[in-house]
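A, B, ... follow the sequence lines: proteins, then strands. Residue 1 opens every chain.
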Amino acid sequence: MLEGINKIGDLEWEVPVGYVPDMRVPGRFFLSRALAETLEEGAVRQLANVATLPGIVKHSLAMPDIHWGYGFPIGGVAAFDRTEGVISPGGVGFDINCGVRLITTPLTEADLAGKKRELIEALFSVVPTGVGARSAMRVSNKELTEIMVNGARWAVERGLGTPEDLIRCEEEGAMPGAEPDAVSAKARQRGMPQIGTLGAGNHFLEIQVAREIIDPEAASVFGIAEGQICFMVHCGSRGLGHQVATDHLRTLESALGKYQIRLPDRQLACAPIDSPEGRAYYGGMACAANYAWTNRQVIMHEARKAFTQVFGIEYDEMRLIYDVAHNVAKFEHHDVDGAPMEVCVHRKGATRAFGPQAPGIPREYAAVGQPVLIPGSMGTSSYLLHGTATAMQKTWGSTCHGAGRVLSRSKAKKAIRGKELREHLAQEGILVRAHRDSVLAEEAPEVYKPSHEVVRVVHEAGLSGIVARLEPLGVIKG
DNA sequence: ATGTGC
């Protein structure tokens, strides 16, 4: 472990005040010995830098998938006092509301046999992939405004889903406080042709089988059984979210002097939550988050239609378990030293993991806590977990989001051949359909930390409980 | 992550 960091529990570490100058609170992160080898000093410094920001409450936190990011570390969680604190795009990330949803089907592996290629091709033909992918769907400027305000409900009202889908979605598919005027014309232009598109990088649409049920009671509550075929959608707010982040970062950087905020790193650009600049970022970010929920709703709808065509099953037999955001800032009420407090929780590459009976989770899941969805890297397992009371106490109800990258894209492309990887995965029974073979090299399993170890750590640390392990059978990539 | 770099 790095110099100057204290072990405070089996899997818990503290970065003391003074690790970098002007820290207001300590940093804390969760990590096993096995993952310690992958810990970057730069990511720990970023965790400490976040602790210098005005109004930060209790700790600057990071999950076991911590790695170096823009300003804030990825895997980072930080809460700021609603009245005294700041809001920062670096604490959310460029892909606002990058997230995941998981859907069960009535199919088994036997049903899939011989039809997997047909299914993959059907899915690939209805879900546009790749950087700059455009949708066949026509969305007007007025409709885009409705999408940014109403989120997934916009899609359901047009028959692209069912009302039950919305209940099983974080924020029911739309955050409050979306402010369309805080989204630039350029951001709108980028977002207009991209509703229903997957994008690139680690985004995917994957066919999976529930290979292992670890917690049968919670699995039954979530409605998933061993051997069941599922599909998972992992994507975000595309060009619109990226442009919202870019636009507001520039505004916030130039307002730093006005609010006399001194930063160890300009990438931490932020503004008081209740300033015009802070409010504008929140309003724009909420628009992008709602756009992302709509995007995943439309992709799920297209995928359901493809399944009905290939297998002759009913649309309603494919049930959304849940949809989670991995990159977002939200106002939440938490207990701080026995007193309720409203804070702005930034989760960047982290998942909300609200425990049993927590407000804001679907009533049907109240007994076990909210579902938590952790995507694997290509060819490796994804996980379904549940939130816990421990997460509420220790991490503002948060857990990890997946496997952090350990090899850069450029290094991965030099070390790995995409075509060979595709053939190798095919031998294991995993069919891959990608926009370009080169993305396969960039997304190879070995360029990521092992997600099973990341998930093991949050389980052992009590931040969430493993419910099921899902194995990939076929995947569509950018 | 991203009309992938100013």
Side-chain angles (χ1 to χ4, degrees), chain A residues 43 46 65-76 88-100 127-135 139 144 183-205 233-250 253 266-267 284-285 287-289 291-293 295-296 299 324-329 346-351 375 377-378 401-414 418 434-444 447-449 476-478:
Chain A
Q46 289 185 322
D65 43 358
I66 178 172
H67 60 288
W68 189 88
Y70 182 93
F72 289 55
I74 296 160
S88 172
V92 171
F94 278 85
D95 191 3
I96 295 164
N97 191 5
C98 179
V100 184
V127 181
T129 67
V131 178
R134 286 170 153 258
S135 169
V139 173
L144 184 63
V183 177
S184 67
K186 199 173 176 183
R188 297 184 78 109
Q189 247 170 32
R190 290 180 68 175
M192 212 128 54
Q194 293 190 319
I195 278 289
T197 66
L198 195 63
N202 64 356
H203 291 167
F204 63 69
L205 194 170
V233 179
H234 180 202
C235 65
S237 51
R238 310 287 287 105
L240 184 136
H242 194 274
Q243 193 63 46
V244 166
T246 304
D247 291 340
H248 285 273
L249 269 168
R250 200 176 48 208
E253 268 194 44
R266 279 187 77 80
Q267 293 187 353
M285 180 209 64
C287 285
Y291 178 98
W293 274 308
N295 194 31
R296 289 196 288 276
I299 290 172
V324 296
H326 284 167
N327 284 3
V328 82
H346 293 57
R347 296 189 183 91
K348 180 191 196 175
T351 316
S377 49
M378 195 169 54
H401 86 304
R405 191 172 269 280
V406 289
L407 206 62
S408 71
R409 292 183 183 283
S410 54
K411 281 180 184 165
K413 274 195 274 199
K414 279 176 194 157
H435 189 69
R436 289 182 299 128
D437 261 359
S438 62
V439 306
L440 302 183
E442 294 173 28
E443 299 302 320
V447 313
Y448 286 95
K449 289 185 194 184
I476 286 162
K477 301 279 299 177

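- Rounding to whole angstrom units, CZ of residue A:R238 and C1' of B:dT2 are separated by 8 Å.
- In this entry the distance linking CZ of A:R250 with C1' of B:dC6 reads 13 Å, nearest Å.
- Below 30°, between 30° and 60°, or above 60°: for A:H326 and A:H401 the angle between ring planes is above 60°, a perpendicular geometry.
- One interatomic measurement links the two molecules: CD of A:E443 to C1' of B:dT2, which rounds to 13 Å at whole-angstrom precision.
- Remark: C1' of B:dT2 and NZ of A:K477 are 15 Å apart, rounded to the nearest angstrom.
- A:Y448 is linked by a ring-ring contact (aromatic ring centres under 6.0 Å, His included) to nothing, counting only residues two or more places apart in sequence or in another chain.
- Put simply, CD on A:Q194 is 11 Å from P on B:dT4, counting in whole angstrom units.
- Applying the ring-ring contact (aromatic ring centres under 6.0 Å, His included) criterion to A:Y70, with sequence neighbours excluded, gives A:F94.
- Using a 4.0 Å cut-off, no side-chain N or O of A:R409 falls inside it from OP1 or OP2 of B:dT4.
- A:K348 comes within 4.0 angstrom of nothing in the nucleic acid, heavy atoms only.
- If you check every strand for non-hydrogen atoms under 4.0 Å, A:A245 touches nothing.
- Between the CZ atom of A:R134 and the C1' atom of B:dT2 there is a distance of 15 Å, rounded to whole Å.
- A straight line from CG of A:L198 to P of B:dT2 spans 9 Å, rounded to a whole angstrom.
- Among the heavy atoms of the strands, none lies under 4.0 Å from A:G236.
- Nucleic acid contact class of A:E442 (heavy atoms, under 4.0 Å, all strands): none.
- Of all non-hydrogen atoms in A:A288 and A:G241, the two that sit nearest each other are CB-CA, 3.8 Å.
- At whole-Å resolution of the value, CZ in A:R405 and P in B:dT4 are 18 Å apart.
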